[in-house]
Amino acid sequence: MEKRYRSGELIRFPNGDGSEFVFCRESQSCRIIPTPVVRALVTCHYFDTLQAHAARVQQGGDTQDTSQVLAMLDQLVNAGLLIPQSSHSDHGSPYIESQLKVTTLCLVSKDRPELLAATLRSYTDACIRFDRALDFVVGDDSWDPAIRTEYLGRLKEFLVEPNRLHIWYAGREHRELFAEQLRTRSGIPGDVIRFALTPSPFEKNTVGANRNAMLLQAAGELMFWADDDIACHVGRPPNATSDGLAFFSGYDPAEIWFYRSREDALHSVSYEDVDLLSLHEKLLGRSIASCTQEATAQGKLRSEPSYRFLADMCRNRGRVLVTLMGLVGDCGMEYPNWFWLDARSRKRLMASRELYETAFASREILAVAPSYVISSGTFCMCGANGIDNTDLIPPYFPVGRSEDGLFGVTLRRCYPDGYFGHIPWAIVHEPPAIRRFAPEDKYAAVGCRISDILTWCVEAFPPPVPGSERERNLRRLGQHLMELGRMELHEFEEFVKLRHLHSVATMYNQMKAQLKSEPEVPNFWRTDVDQYLDALVSAATAPMPLLPRDITCSNIEEARQTTQRYVRQYGELLWWWPDIFAATMQLKRAGTHLAARVSE
């Protein structure tokens with residue numbers, strides 16, 4: 001069989017004379033190479049024969065004949081810049097591990113006890129059918145004591161049934177009590193613990209604090225959680241063909257379909273009665289080496305892992321720390337951010353003007369990965385997902401929207417060998433009310449939320465060395481954010497402005513390049529993209545300060561100070577979270593839990 005090669009993990013330094021220093025991490029080879037040859041080299045990013053690589057190089061515009069291109073590729077092989085597949089053929093040494101099981105299922109809710117009870121019923125029934133032994137935990141973020149009492153009454157109804165279920169409840173009073181227990185027994189600053197679990201009642205959205213409570217309740221376990229409007233109903237997408245495993249290095253591997261109505265969306269998938277948790281356990285908590293070896297042995301490896309994945313496999317590093325379901329029904333998004341779709345989803349969006357307008361008004365979609373996918377991207381949407389909470393995982397920012405998106409960025413920044421797993425099944429998201437996007441929502445993504453500012457601050461933190469300790473990385477990032485939070489206010493605002501400009505410039509250039517590469521797109525798409533880019537530029541060139549729209553403040557000065565304070569508080573939370581996690585584990589071993597066991 002003819003040998004197959006791919007480019008290694010390359011680090012490039014331009015020389016300024018039409019050549020570049022190129023260093024390959026796998027082979028440790030360093031060469032000075034003409035820039036056109038480097039451009040040819042980086043096209044060889046999948047294992048293939050030299051003949052196939054040569055054909056692609058020529059398709060990319062290289063004017064040399066085939067024999068010349070092959071001679072060039074041979075030189076790159078000899079230089080150690082094209083890596084033979086034989087060096088990675090076993091995807092690392094054999095890796096035997098026991099498959100972990102999800103032991104806790106959490107539902108997060110607020111002010112909807114009736115809906116919560118119906119959703120919980122769907123999960124308890126499914127677990128009984130599939131003989132799953134679980135702790136069920138309800139995280140209730142309601143402020144009204146009467147509503148919390150109703151939640152408890154609903155949960156007690158589950159206890160009178162023949163199947164004795166282990167149901168736990170965590171209302172705000174339980175979080176307050178546990179925060180005090182942590183403070184008195186660990187010496188962790190009380191304001192840090194309270195910010196993590198019980199932020200100010202004046203904040204409009206504190207779902208991140210509710211999620212932190214669930215992380216502590218299930219500390220040391222594999223866990224699954226869902227929102228209270230996501231019941232245990234799952235289906236396969238249209239033309240589903242594979243349960244194989246693929247690797248992905250972009251932002252989000254899911255494809256999206258758009259529907260005019262909830263009914264149309266829910267009828268787009270084929271529903272099956274499957275053990276939902278077992279779908280997650282195929283990836284959750286497992287090493288990427290064992291996942292790859294299993295898929296290879298079964299003939300289900302759909303794509304070759306890139307050099308970053310391979311490097312982790314060869315060092316027996318890299319685990320799937322979070323698994324994400326697909327979604328059918330309400331998109332769960334604040335606004336229709338459809339300008340950044342993958343090519344296939346974008347093609348569907350532009351199929352007709354009518355469908356295009358529908359997508360920006362209706363919230364009903366199907367979004368799902370085409371197969372099981374291990375991703376190095378940062379996309380994270382916590383409607384229904386698994387968490388490997390057996391070891392230290394970052395906390396959620398307690399207030400504001402898109403706490404899950406910020407969690408994804410923080411996780412990948414602190415844990416470079418921690419990955420997301422995407423499940424090729426869609427779960428139903430069915431809020432009681434049918435919502436629609438307003439016309440002005442089309443360009444709302446150019447606005448700023450506190451999670452956006454925090455994301456820019458996190459992304460300014462240098463990535464740690466692969467294989468470095470989780471605790472150390474969390475503390476270093478926390479220190480970085482605390483330093484930003486202690487800057488002079490005008491210097492902090494300048495820093496945020498520059499990070500915002502960097503983000504806008506990146507998006508602007510990416511979108512312009514996309515338009516240039518797709519000259520045949522419909523005029524309605526091109527017009528809207530131009531308007532979106534104009535809105536981005538207007539937001540970027542607006543006078544300082546840049547203030548988030550989702551924090552509760554009485555005046556601009558208070559909003560300025562609160563924004564910086566939140567950056568500092570997130571840093572403090574990251575710094576102290578390893579101690580909070582460790583203290584929680586000690587309390588659990590002593591029989592003290594955040595949630596209370598529901599009894600008759």
Side-chain angles (χ1 to χ4, degrees), residues 7 35-36 38-46 48 52-53 55-63 237-239 246-260 302-303 306 326 331 333 335-371 373 375-379 422 437 439 441-446 501-540:
S7 55
T35 297
V38 179
R39 285 198 291 265
L41 174 62
V42 297
T43 66
C44 307
H45 47 77
Y46 292 111
D48 214 333
H53 283 313
R56 272 190 291 274
V57 169
Q58 290 176 306
Q59 290 170 4
D62 194 300
T63 57
N239 305 317
F247 291 84
F248 183 80
S249 299
Y251 175 62
D252 177 13
E255 295 184 39
I256 300 181
W257 290 258
F258 304 92
Y259 299 97
R260 295 174 178 82
R302 294 193 63 193
S303 67
S306 70
C331 66
M333 299 168 62
Y335 41 73
N337 196 15
W338 306 141
F339 294 108
W340 301 101
L341 298 171
D342 68 281
R344 283 179 288 194
S345 300
R346 191 165 63 247
K347 184 177 180 180
R348 293 188 196 101
L349 178 70
M350 297 186 295
S352 72
R353 180 62 181 264
E354 180 185 7
L355 179 59
Y356 180 79
E357 296 297 340
T358 294
F360 280 97
S362 169
R363 298 173 57 87
E364 308 303 321
I365 66 167
L366 166 64
V368 64
S371 70
V373 176
S375 170
S376 61
T378 61
F379 175 80
H422 293 257
F437 290 120
D441 289 338
K442 182 179 286 188
Y443 309 115
V446 302
L501 288 173
H502 177 269
S503 174
V504 168
T506 300
M507 291 190 291
Y508 189 93
N509 290 330
Q510 288 176 348
M511 188 59 74
K512 283 293 187 181
Q514 182 190 108
L515 286 175
K516 185 176 180 180
S517 67
E518 298 177 342
E520 305 302 321
V521 297
N523 287 334
F524 57 80
W525 169 259
R526 189 176 295 276
T527 299
D528 274 355
V529 168
D530 286 339
Q531 292 182 6
Y532 173 76
L533 293 178
D534 288 344
L536 271 180
V537 171
S538 295

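Counting from 1, the numbers follow the sequence of the chain as shown.
A 4.5 Å side-chain heavy-atom check between Val42 and Ser7 finds every atom pair outside the cut-off. The closest side-chain heavy-atom distance from Gln514 to Phe339 is not below 4.5 Å. Side-chain atoms of Val529 and Leu533, non-hydrogen and from C-beta on, do get closer than 4.5 Å to each other. Two residues are said to be in side-chain contact when any heavy atoms from C-beta on lie closer than 4.5 Å; Phe258 and Thr358 fail this criterion. Between Cys331 and Arg363, some side-chain heavy-atom pair lies under the 4.5 Å cut-off.
The local environment of CG in Asn509 is crowded, with over 12 non-hydrogen atoms from other residues, nucleotides or ligands closer than 6.0 Å.
Of all the heavy atoms in Pro370 and Pro253, the pair that sits closest is CD-O, 3.6 Å. Taking all atoms of both residues into account, the shortest heavy-atom contact from Ala40 to Thr43 is O-OG1, 2.6 Å. Here the shortest heavy-atom pairing between Leu355 and Ser352 reads N-OG, 3.0 Å. Closest approach of Ser362 and Arg260 over heavy atoms only: OG-O, 3.6 Å. The nearest pair of heavy atoms linking Val446 to Ala539 is O-CB, 3.9 Å. When all heavy atoms of Ala445 and Tyr335 are compared, the closest pair comes out as CB-CE1, 3.3 Å.
When the side chain to side chain contact (heavy atoms under 4.5 Å, CB included) test is applied to Ser249, the partners found at least two apart in sequence or on another chain are Ser306, Phe309, Ser376. With sequence neighbours excluded, the residues forming a ring-ring contact (aromatic ring centres under 6.0 Å, His included) with Tyr251 are Phe379, listed by chain and number. Here His53 pairs with Arg56 under the side-chain hydrogen bond (donor to acceptor under 3.5 Å, both in side chains) rule; sequence neighbours left out. The side chain to side chain contact (heavy atoms under 4.5 Å, CB included) search around Ala367 returns Ile256, Ile365, not counting sequence neighbours. When the side-chain hydrogen bond (donor to acceptor under 3.5 Å, both in side chains) test is applied to Arg344, the partners found at least two apart in sequence or on another chain are Glu255. Residues meeting the side-chain hydrogen bond (donor to acceptor under 3.5 Å, both in side chains) test with Thr378, sequence neighbours left out: none. Evaluation of the side-chain hydrogen bond (donor to acceptor under 3.5 Å, both in side chains) rule for Ser503 yields no partner, not counting sequence neighbours. Partners of Trp257 under the ring-ring contact (aromatic ring centres under 6.0 Å, His included) rule, at least two apart in sequence or in another chain, do not exist in this structure. Ala254 pairs by the side chain to side chain contact (heavy atoms under 4.5 Å, CB included) definition with Asp252, not counting sequence neighbours. Partners of Phe248 according to the ring-ring contact (aromatic ring centres under 6.0 Å, His included) rule, which considers only residues two or more places apart in sequence or in another chain, do not exist here.
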Go through it in stages, so that I can follow the logic: the residues are Asp441 and Phe360, the test is side-chain contact (heavy atoms from CB on, under 4.5 Å), and I'd like the CA-CA distance, side-chain angles, deciding distance and then a yes or no.
CA-CA 8 Å; Asp441 289 338; Phe360 280 97; over 6 Å; no

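Taken from CG in Leu349 to CG in Asp342, the straight-line distance is 11.0 Å, to the nearest 0.5 Å. Atom CE of Met507 sits about 11.0 Å away from atom NE2 of His502, to the nearest 0.5 Å.
Sequence neighbours left out, the pairs with a member in residues 528-540 that pass side chain to side chain donor-acceptor pair (under 3.5 Å) are Trp340-Tyr532, Tyr356-Asp528, Lys442-Asp528, Tyr443-Asp528, Tyr443-Gln531. Sorted by first and then second residue, the pairs that involve residues 515-524 and meet salt bridge (charged side-chain N to carboxylate O under 4.0 Å, His left out), not counting sequence neighbours, are Arg346-Glu518.
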